[in-house]
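Okay, structure first, notes after.
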Amino acid sequence: MIKFDISILPGDGIGPEVVAASLDVLRAAETRLRGVRFECTELSVGAGEYLKNGDPLPGSAIARMKQADAILLGAMGLPSVRWPNGVEMTPQIDIREKLDLYNGVRPIKLYHESHSPLKGYGGVNGKPIDFVIIRENCEGLFSERLTPRPAGRDFETDTLKITRRGAERVCREAFKLARTRRKHCTLVDKANVLPSMAFFRKVFDEVAAEFPDVQTDRVYIDAMALFLVQRPHTFDVMVTENMFGDILSDLAAGLVGGMGMAPSADLGDEYGLFQPSHGTAPTIAGKGIANPVATILSLAMLLDWLDHPETKRAARLIEQAVARVCGDPANRTADLGGSLGTRAITEKIIAALE
Ligand SMILES: NC(=O)c1ccc[n+]([C@@H]2O[C@H](COP(=O)([O-])OP(=O)(O)OC[C@H]3O[C@@H](n4cnc5c(N)ncnc54)[C@H](O)[C@@H]3O)[C@@H](O)[C@H]2O)c1
């Protein structure tokens, strides 16, 4: 019997609700596996932990995460809980940096045409939406967010930092992923204006030469905001800087039904953390209406990443169950215009596991 040690970080707002739903799916999938068990250890991290104990990300939690085989996170932060300089606590970003989870993988897939605000997508005759945003997670415009600043100045600045190592490794991961898909990789940058982005493009071009079988193109971030609305079906894998990836992820989620449909993985060379792309959605927290699909799909990514034949089988079971349930327009949560609550859609997904 192989045991996988999973750190569970429910976090704040709707985080605990969508994580609880995903753990029910994990337990149901586990009964169908041979020789594999999951041991889950819950860790308290987030704005709630700060309000209780004065630190949103205790060192003991980071130490425990490093021992685990993988990490599942709900969402963290609350708009009302801020540091004295006015910014929110964002332990989910601190974790990426502490564990060097540079490769932010954000799949965007349309399960039913009724989920998209765009016409002509999905369904039998429609165009599919199925692409992945690779977001550089550890530098870019977030790079100096924690650098202490002198008080009382009449200005503030943030630095968009791109290093050769940071750009090279994330571009390489994007190309590797493209190779397993439709073999197309798009760089999203602002190389016409920002020297940091011109440098990112130079590194992208160098890495592209290692992958002659993958087609490439280069699109400015402002144009990409347009193209994602006009022709999202033309993209396969795209790679971009931290902040651009953050913003495009929400736009892209909007194309397939909203944040409740957008899973993600934050991967490094040693550790893997899996979480929905969404935040804590405070206005719907505690109402039992949060859409758990993004977290359930993130769990499937976790199981795939564990890279054991049985966990990979569980990942496929969960993905197929989600596709079956979400492919039926009768099964819609409130964010998709339906009436199913968190519990009800989770039960349907569990029932659809084969
Ligand atoms: N990774 C993270 O933990 C993360 C990411 C983004 C924002 N945040 C934090 O979350 C808080 C709220 O931020 P926000 O409102 O900008 O973003 P959000 O993603 O929480 O919400 C954006 C919109 O999507 C909806 N939504 C999000 N997830 C949903 C789900 N599963 N089901 C149904 N509807 C859902 C919300 O109701 C809201 O209308 C802030 O404190 C922010 O800092 C955390």
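In each ligand, atom 1 is the first atom listed, and ligand 1 is the first ligand listed. When a residue number appears, it is its place in the shown sequence, counting from 1.
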N/O donor-acceptor pairs under 3.5 Å from side chains in residues 41-50, not counting sequence neighbours:
{"residue": "T41", "atom": "OG1", "partner": "R64", "partner atom": "NH2", "Å": "3.3"}
{"residue": "S44", "atom": "OG", "partner": "E49", "partner atom": "OE1", "Å": "2.6"}
{"residue": "E49", "atom": "OE2", "partner": "N53", "partner atom": "ND2", "Å": "2.9"}

Exercise. Looking only at side chains, do D24 and T346 share a donor and an acceptor under 3.5 Å apart?
Worked result: no

Exercise. Protein residues near ligand 1, heavy-atom distance below 4.0 Å?
Worked result: I14, A75, M76, G77, L78, P79, E88, Q92, M259, G260, Q275, H278, G279, T280, A281, P282, I284, A290, N291, D335

Exercise. Does a donor on one side chain and an acceptor on the other come within less than 3.5 Å for R332 and S339?
Worked result: no

For this session: Please name all residues satisfying side chain to side chain contact (heavy atoms under 4.5 Å, CB included) with V124, sequence neighbours left out, ordered by chain then number.
Result: none

Exercise. Which residue pairs pass the salt bridge (charged side-chain N to carboxylate O under 4.0 Å, His left out) test when at least one of the two sits in residues 251-270, sequence neighbours left out?
Worked result: R96-D266

Seminar exercise, completed: In terms of heavy-atom contacts, G140 and N242 come closest through CA-CB, 4.3 Å

